[in-house]
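What follows is one structure encoded as structure tokens, with my remarks underneath.
Basis for what follows: all heavy atoms, side chains included, without hydrogens, waters or symmetry-related copies.
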Amino acid sequence: MTEHTTVVVIGAGVAGLTLGNILLRNGIGCVVLEKHSRAHVEQRQRAGTIDSRGVRMFREWGLEEVLASDAPTDVESGFFLDGEELPIELGDDDNDSVFLPQQVLVRNLTDVFLRAGGDLRFEAEDVTVENLEQPVVRYADHVVTADFIAGCDGDRGVSRTAIPAGVLTRYSREYGYAWLSVLAEVPANPSGMAIHTRGLAGMIPRGPHASRVYLQCALGDGLEQWPDDRVWSELAARFGRPVTPGRIADKRLVPLRNVVHSPMHHGKLYLLGDAAHIVPPMSAKGIHLALFDTEVFARGVLRHVKEDDPSLLDGYSEMCLSHVWNYQAFASWITDLMHDAGDPAHAGEFRKRTARAELERQFTSPAASRLFGEFMAGVS
């Protein structure tokens, strides 16, 4: 079977489904291919905050309904330093960010896309991409030709590997530690991030009866070194208060890193989100960058198709990378700050003390607080 569409979107995550919805609502033909089943995609637990820029973007494109959730909206998260909760006011009156588990956002985007008649094909395995100047996408016994390909299939997807060797430059930074990431079936109490000499810890809501737990650990640790009992005892030690244990549904190790691939497109193939760049989870800016890429690409396609003007698509990499590097700088800074202020094993006692002084400045200086707030809201 051979068919043609304007855009083939590879990957049905936040970037791919947001793009599909924008194109569909503006009369642009697209096919979304996803190698996993719908159940797998909608149950995949990942970070879950949509910052102010993302919220406003969905509203402007008429997609505010995808922000609906039964998750609590009055989640209060704090910062803890060696067991003491820090009194913080970050001046976020203009912050429209919403807590929304990523799997809920994906489910909402899927429902809206399919309800509007979108072409979303799950379990599209063994996708290959050919001829990036006149794109051809193959999977199973299907052949889809397209004017453009949007690679939204993440860091390990097929999109980026379709670009010839030597075209992309990979820039990266590896940190000397990892996070143990745990999905637990307990409410997040306490909720927030704990800076401690034993290492960083976090407990973030993922719904009324679930939370994501983070524990800084050695880069060479294995899961066998983190039995459930140790997870709960270490979390309590770093927060400096009792933590009610519960069933652990998922446990994995996440090495912290920054990655940028440049340029973000080649021929008619455009990379969006994690296919082009990775930020450490400490920054909570992965969704922000994915949505920024998506909107830039969507506007470029609309301009090209409706006005025969390729200028926005031609400038896609330049526009996105300027924004990406700005938020890579923020992600690197906040990751260093939060970890260096706790465990001195990596950067030393001097850096620990300067990091704590810098942290205090965030809570006492209106200027520092305002800049931090702009990055958190995604409007910097």
Without swapping roles, check the side chain of [X] against the backbone of [Y] for a donor-acceptor pair under 3.5 Å.
| X | Y | value |
| --- | --- | --- |
| His304 | Gly300 | no |
| Lys306 | Asn26 | yes |
| Ser317 | Met264 | yes |
| Arg53 | Ala377 | no |

Measure the shortest side-chain to side-chain distance between Lys285 and Asp51 over non-hydrogen atoms and say whether it is less than 4.5 angstrom.
yes
TODO: Side-chain contact test, heavy atoms from C-beta onward, threshold under 4.5 Å: evaluate it for Asn21 versus Trp61 and give yes or no.
DONE: no
When clusters are formed by joining ILVMFWY residues with side-chain heavy atoms under 4.5 Å apart, either directly or through shared neighbours, do [X] and [Y] land in the same one?
| X | Y | answer |
| --- | --- | --- |
| Leu24 | Leu33 | no |
| Val112 | Val55 | yes |
| Val379 | Ile287 | no |
| Val41 | Ile50 | yes |
| Leu168 | Val260 | no |

| Cut-off 3.5 Å, side chains only: do Trp226 and Glu234 have a donor facing an acceptor? | no
Less than 4.0 angstrom from a charged side-chain N to a carboxylate O is my criterion; do [X] and [Y] meet it?
| X | Y | value |
| --- | --- | --- |
| Asp228 | Arg247 | no |
| Asp274 | Arg257 | no |
| Arg59 | Glu64 | yes |
| Arg351 | Asp336 | no |
| Glu360 | Arg356 | no |

Considering all heavy atoms, the nearest [X]-[Y] contact:
| X | Y | result |
| --- | --- | --- |
| Cys320 | Asp293 | SG-OD1, 3.6 Å |
| Thr5 | Cys30 | OG1-N, 3.2 Å |
| Ala201 | Leu235 | CB-CD1, 4.0 Å |
| Leu271 | Ile163 | CD1-CD1, 4.0 Å |
| Cys152 | Ser159 | N-OG, 4.4 Å |

Quick check for you: to the nearest 0.5 Å, what is the distance between [X] atom [atom1] and [Y] atom [atom2]?
| X | Y | atom1 | atom2 | value |
| --- | --- | --- | --- | --- |
| His196 | Asp82 | NE2 | CG | 5.0 Å |
| Tyr139 | Thr128 | OH | OG1 | 11.5 Å |
| Leu200 | Asp340 | CG | CG | 10.5 Å |

| query | Can the ring centroids of Tyr327 and His277 be said to lie less than 6.0 angstrom from one another? | reply | no
In this structure, is the centre-to-centre distance between the rings of His323 and His288 below 6.0 Å?
yes
**Item:** Within 45° cone of Tyr175 ring axis and under 6.0 Å: Arg173 NZ or CZ
**Value:** yes
Residues 237-260 vs ring-ring contact (aromatic ring centres under 6.0 Å, His included), sequence neighbours excluded, gives Phe80-Phe239
side-chain contact (heavy atoms from CB on, under 4.5 Å) test vs Val106 passes for just one of Val66, Val14, Thr18, namely Val14
Sequence neighbours excluded, the answer for salt bridge (charged side-chain N to carboxylate O under 4.0 Å, His left out) partners of Arg170 is none
